[in-house]
A.B. asks: 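Please see the structure below; I have some questions.
In this chain, residues are counted from 1 in sequence order. Hydrogens, waters and symmetry mates play no part in the numbers below; they use all other heavy atoms, side chains included.
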Amino acid sequence: MTDAALTVVYDGECPFCSNYVRLMALRRSVGAVALIDAREGGPVVEDLARRGYDLNNGMVVRHGQTLYYGADALVLLSTLSEDRGAIGRTLARLLRDPSRARLLYPVMKLGRRATLALLGRKLIAQADPGLPR
């Protein structure tokens with residue numbers, strides 16, 4: 001994917017996704033972090049689509065050689081993050097627990113879709129992994 005210690009592929013037009021990634025202060029705890037806006041496409045996004053990841057249903061995080069998706073990605077980011085401000089601390093504490101994150105994740109996805117609709121933004125265009133580019 002990238003040479004960074006941590007790669008985060010997220011929806012750059014989703015205010016929740018963008019703010020969450022910024023709030024987590026990951027660089028201090030893991031070193032180099034590659035933030036990739038899934039809407040910009042590119043080889044990393046295409047590779048994830050070929051592997052079957054639907055970026056409209058969850059962000060993807062690569063840490064080491066392991067890929068984390070959706071709620072698991074949030075748990076990892078919350079675990080790796082340093083506390084940054086009251087909101088960042090609250091989110092990190094709330095989402096570090098895998099059971100709680102899995103319960104909250106569907107609500108968060110619904111909130112994302114509703115917010116994108118209210119803002120007049122479309123979902124991320126997904127490339128058909130079976131089609132040559």
Side-chain angles (χ1 to χ4, degrees):
M1 286 178 81
T2 66
D3 291 334
L6 187 77
T7 301
V8 181
V9 182
Y10 69 102
D11 182 356
E13 286 191 25
C14 169
F16 301 121
C17 305
S18 297
N19 287 329
Y20 178 76
V21 169
R22 275 195 294 274
L23 280 171
M24 291 299 101
L26 297 163
R27 284 183 178 90
R28 285 182 270 176
S29 58
V30 297
V33 176
L35 300 176
I36 298 175
D37 182 349
R39 292 179 183 270
E40 293 178 6
V44 171
V45 175
E46 291 168 9
D47 179 55
L48 291 171
R50 276 191 299 277
R51 294 175 185 231
Y53 291 98
D54 181 350
L55 296 171
N56 283 305
N57 285 316
M59 67 172 56
V60 176
V61 176
R62 182 192 54 88
H63 186 245
Q65 297 303 312
T66 306
L67 292 175
Y68 299 85
Y69 179 65
D72 294 330
L74 288 181
V75 170
L76 176 69
L77 293 178
S78 297
T79 302
L80 294 174
S81 69
E82 291 187 9
D83 294 338
R84 184 175 179 183
I87 294 172
R89 276 192 302 277
T90 302
L91 278 173
R93 287 184 188 134
L94 188 64
L95 297 172
R96 280 182 185 142
D97 179 87
S99 298
R100 193 173 16 221
R102 283 186 189 83
L103 279 173
L104 292 172
Y105 201 71
V107 175
M108 295 168 75
K109 286 190 326 185
L110 181 63
R112 172 189 170 264
R113 285 183 185 244
T115 300
L116 290 176
L118 287 171
L119 294 173
R121 298 177 185 166
K122 297 181 188 234
L123 294 177
I124 299 168
Q126 292 288 131
D128 184 338
L131 294 177
R133 292 213 130 199

A.B. asks: Compare all side-chain heavy atoms of Leu35 with those of Tyr10 and state whether any distance is below 4.5 angstrom.
C.D. replies: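 Yes - at least one pair of side-chain heavy atoms lies under 4.5 Å apart.
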A.B. asks: Who passes ring pair (Phe, Tyr, Trp, His ring centres under 6.0 Å) against Tyr105, sequence neighbours left out?
C.D. replies: none
A.B. asks: Among residues at least two apart in sequence or on other chains, which ones pass side chain to side chain contact (heavy atoms under 4.5 Å, CB included) with Arg113?
C.D. replies: Asn56, Asn57, Leu123
A.B. asks: Looking at Phe16 and Arg112, what are the two nearest heavy atoms and their distance?
C.D. replies: CD1-CA, 4.3 Å
A.B. asks: Examine distances only and state if a side-chain atom of Arg96 and a backbone atom of Ser78 form a donor-acceptor pair shorter than 3.5 Å.
C.D. replies: yes
A.B. asks: Tell me every residue that passes side chain to side chain contact (heavy atoms under 4.5 Å, CB included) with Leu118, counting only those two or more places apart in sequence or in another chain.
C.D. replies: none
A.B. asks: My understanding is that a hydrophobic cluster links ILVMFWY residues whose side chain heavy atoms are under 4.5 Å apart, including indirect links. Using that, what else belongs to the cluster containing Val75?
C.D. replies: none
A.B. asks: What's in the same ILVMFWY side-chain cluster as Val107, cut-off under 4.5 Å, chained through other members?
C.D. replies: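 Direct or chained contacts put Val107 with none.
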A.B. asks: Considering residues at least two apart in sequence or located in another chain, which fulfil the side chain to side chain contact (heavy atoms under 4.5 Å, CB included) criterion with Leu104?
C.D. replies: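 Applying side chain to side chain contact (heavy atoms under 4.5 Å, CB included) to Leu104 gives Leu94, Leu95, Arg100, Met108.
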A.B. asks: Contact between Leu119 and Glu13 at the side-chain level, heavy atoms closer than 4.5 Å - yes or no?
C.D. replies: no
A.B. asks: What's the spacing between His63 NE2 and Leu80 CG if we round to 0.5 Å?
C.D. replies: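 It comes to 5.0 Å.
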A.B. asks: Name the residue from Leu67, Val61, Leu55 that meets the side-chain contact (heavy atoms from CB on, under 4.5 Å) definition with Val9.
C.D. replies: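 That would be Leu55.
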A.B. asks: Are Val8 and Ile36 side-chain neighbours, meaning at least one heavy-atom pair lies under 4.5 Å?
C.D. replies: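 No - every pair of side-chain heavy atoms lies 4.5 Å or more apart.
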A.B. asks: Only pairs under 3.5 Å count here: list side-chain donor-acceptor contacts from residues 37-44, not counting sequence neighbours, and write none if there are none.
C.D. replies:
from: Asp37; atom 1: OD1; to: Gly12; atom 2: N; distance (Å): 2.9
from: Asp37; atom 1: OD1; to: Arg39; atom 2: N; distance (Å): 2.9
from: Arg39; atom 1: NE; to: Asp11; atom 2: OD1; distance (Å): 2.4
from: Arg39; atom 1: NH1; to: Lys122; atom 2: O; distance (Å): 2.9
from: Arg39; atom 1: NH2; to: Asp11; atom 2: OD1; distance (Å): 3.4
from: Arg39; atom 1: NH2; to: Asp11; atom 2: OD2; distance (Å): 3.0
from: Arg39; atom 1: NH2; to: Lys122; atom 2: O; distance (Å): 2.7

A.B. asks: With a 4.5 Å limit on heavy-atom distance, are the side chains of Leu6 and Arg62 in contact?
C.D. replies: no
A.B. asks: Could you tell me if the side chain of Pro15 sits less than 4.5 Å from the side chain of Thr115, heavy atoms only?
C.D. replies: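 Sidechains of Pro15 and Thr115: in contact.
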